[in-house]
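Below: one structure, written as C-alpha cells.
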Amino acid sequence: MHQNAAKKRFVVVSNRLPISIARDRNGGLIASQGAGGLVTALAPVLKNRGGIWLGWPGTSEEGVMDMCRSFSREAGYILWPVALSDADVEGFYRGFSNEILWPLFHEFQTPCNFLPEYWAAYRAANLKFAQATATMALEEDFIWVHDYHLMLVASMLKELGKTSRVGFFLHIPFPPADIFLKIPWRRQLLEALLEYDLIGFQTLRDMRNFIESVKRVYPSAVRKGRGQVTTLTANGRSPRIGSFPIGIDYHAFAKAAGQPERAKAARDIRAAFGDRFLLFGADRLDYTKGVPQRLDALRVALERYPELRGRICLIQVLVPSREEVPQYRAMKEEIERMVGEINGRYSMPGWAPVHFTYRNLPREELIGYYLAADMALVTPLRDGMNLVAKEYAACNISGTGILCLSEFAGAAMELHRHAVMVNPFDVDGIAAAIRDGVLMDLGQRRRRMRAIRSILRRYDIFWWVDAFLQAAFSKHLEDFPPREEGYWEALEARQGPPWPTASGS
Ligand code: GDG
C-alpha cells in the first residue's frame, strides 16, 4: 500500500451495496455478499483494512439499517445504506443509468432514451449519495466513487463544502467522442467528472476516448505527461487521469480451484458430458454480452465442421438480470429459442450440443465449471473488463484451458497476445476459433495459459487498488513509475495497441 494512502480510511461509494438480500424464517431481512465484478474486486480489500461502503441497498423496507449493522459486524467494514425513493430508482437507475449511460457507453445507440426527467432524477439521486457521503466521511478520508451511476458525486460534495480527496473509477468503457457527445448533458457530465482528483479507466483506449471528448468540449484542454497516468487541464481543473485495468483475487481463485471438492465437481461434470470438449460461457443477461452471437457461432460450427457433432458441448450459464425490462425479457426468450433450435436440430442419443442454465450459481459451482471447461467463450460485444475471462484462467490450475476472448472486452488489452482472439460480431470467426480450440495441441494450450496466468497473478486486484491509490496520492507525477524501472512502459506494452488485432499477435 502506498505510504500516504496507508494512513487514510477508505470511503467507497457505489450505486449498490455489495450484498444480496433475502428473508429469514421470521420474515426479517438478511444480507449475504452479492455477485458482480465490483464486489469481487473490493470486498477483500475493505475486509483487510476497514472502512465504509455507502450504497443503495436495493430496497426501502423497514429493517434495512439493522440488516446493514449485522452484516457490517460480519464483514469487518461499515455498510451504510443510501435511501432512494421509487421515483429515484425509476428515473436515476432504470432511466438515466440503464437507458442512457449503459447502452451509450457500450456503443449501443438505439436503446438510448434521452428524457430530460431522467437527467433531473440522476442529479437528485447523485445529490442523495453525496449528502450521505458528506455525513459519513471525515475530511482526511479518501473517497472512492465507483461507476457510471455516480459521475456527479465529487462536484456535489464540493457544493456541500466537503474538501476530501475524491477519486472515481469507471468500470464500463468510455465511448469514442462521436458517441459520447450525443448525450444532451455532455458538458455537465464532463464538468462534473473534472471535479474528481483522479479519474480511472479500465484501459488506455477508454482514457484516450475521455481525453478526446474533453478536448472537443474544451478546445483549450491540455494533457501533461505521457503514459498510464497524466494530468488533464480543462475548465479550470487539473485532475489526474489514468488507466488501471482491474484484476481479480488470483490466489483466492486458484486456491478455491485447488480444493479436492472442486476437483471432484469438475470430474463429475466432465463424466456427465462423456469427456467431450467442453465450451463454457457465464454471463449476466445483457445485450452487451453477445450470447446470441455465440450461440449462432456454435450453430455455424456444427454445420460447417460435421466432425464436431457429438464431440463438443457448450455449457452456457445465464445469470438473471433486469428481468422487469421488456428488452431483457425478450432477449432471454430469444436465447432460449436459439438453444432449443440448436438442440432440436443436432442432438443425438446421449448428446445435446447446448446445456443451458438460467440462474445465479453458487460460486463453488461456477468454479467447478471453470475447472471442467476446455475452452471459455468470453465474447462480449463490448465490456469494460470482463472478470469471467480472468477468473476462468486463474482457476485453470491444470494450465491446459483455452481462453477465447472478444477483442472488445477490456481484458483483451492485457491478454490478446495469449488468448484466442475473436471479433464477437463475426459468427464465422468464432466458429473457426471453436474448431481451432478443439484441434489445439496440449503444448500450445499450456504455453498460452501459462502466459495468461502469469499476467493475472502479477496484476491482481491488490495491484489494482495499489496502483489507483499511488496515482491518487503521489505528490508529483514524476513519482511514476514508483515500483520498478520501466513499470508503466511494461504495462503499456502489455495493453498492446489501442485496437487489438484479430490475429492476437
Ligand atoms: C462491471 C463491468 C467489469 C457470473 N456468473 C455467476 C457469477 N458471476 C460473477 C463472475 C464475475 C462477475 O459475476 C461478472 O463479472 P463482470 O466482469 O462481467 O462484471 P460486471 O458485474 O458486469 O461489472 C465489467 C467489472 O465491472 C469490474 O470492473 O469487468 O466490464 O461491466 O465475478 O464470477 N457469480 C456467481 N454465480 C454465477 O452464476 N456466484
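Whatever order the structure lists them in is the order used to number ligands and atoms, beginning at 1.
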> Any nitrogen or oxygen of Met385, main chain or side chain, under 3.5 Å from a nitrogen or oxygen of ligand 1?
Replying inline: yes
> Hey, would you say the Tyr287 and Phe108 ring centroids sit under 6.0 Å apart?
Replying inline: yes
>> Side chain, backbone, both or neither: which applies to Ile246 and ligand 1 if a contact is any heavy-atom pair less than 4.0 Å apart?
In response: side chain
> Would the Phe201 and Phe244 ring centres measure less than 6.0 Å apart?
Replying inline: no
> Rounded to the nearest 0.5 Å, how far apart are CZ of Arg445 and CE of Met375?
Replying inline: 9.0 Å
> Relative to ligand 1, is Val319 under 4.0 angstrom through side chain, backbone, both or neither, heavy atoms considered?
Replying inline: side chain
>> For ligand 1, which is the ligand I care about here, please tell me if His171 has any N or O atom under 3.5 Å from one of the ligand's N or O atoms.
In response: yes
>> Ring of Tyr370, cation from Arg262 - is the NZ or CZ under 6.0 Å from the centre and inside 45° of the axis?
In response: no
> How does His146 reach ligand 1, by side chain, by backbone, by both or by neither, if only non-hydrogen atoms under 4.0 Å count?
Replying inline: neither
>> Considering both backbone and side-chain atoms of Pro362, is one of its nitrogen or oxygen atoms within less than 3.5 Å of a nitrogen or oxygen in ligand 1?
In response: no
>> Test of understanding: given a 4.0 Å heavy-atom threshold, classify the contact between Leu366 and ligand 1 as side chain, backbone, both, or neither.
In response: side chain
>> Measuring from atom CD of Glu212 to atom CZ of Phe174, what distance do you get when rounded to the nearest 0.5 angstrom?
In response: 10.5 Å
> Side chain or backbone of Arg284 under 4.0 Å from ligand 1, or both, or neither, by non-hydrogen atoms?
Replying inline: side chain
> Would you say Ile172 has any N or O atom under 3.5 Å from an N or O of ligand 1, going by distance alone?
Replying inline: no
> Do the ring planes of His171 and His146 sit parallel (below 30°), tilted (30 to 60°) or perpendicular (above 60°)?
Replying inline: tilted
>> Any nitrogen or oxygen of Trp102 lying under 3.5 Å from a nitrogen or oxygen in ligand 1? Just yes or no.
In response: no
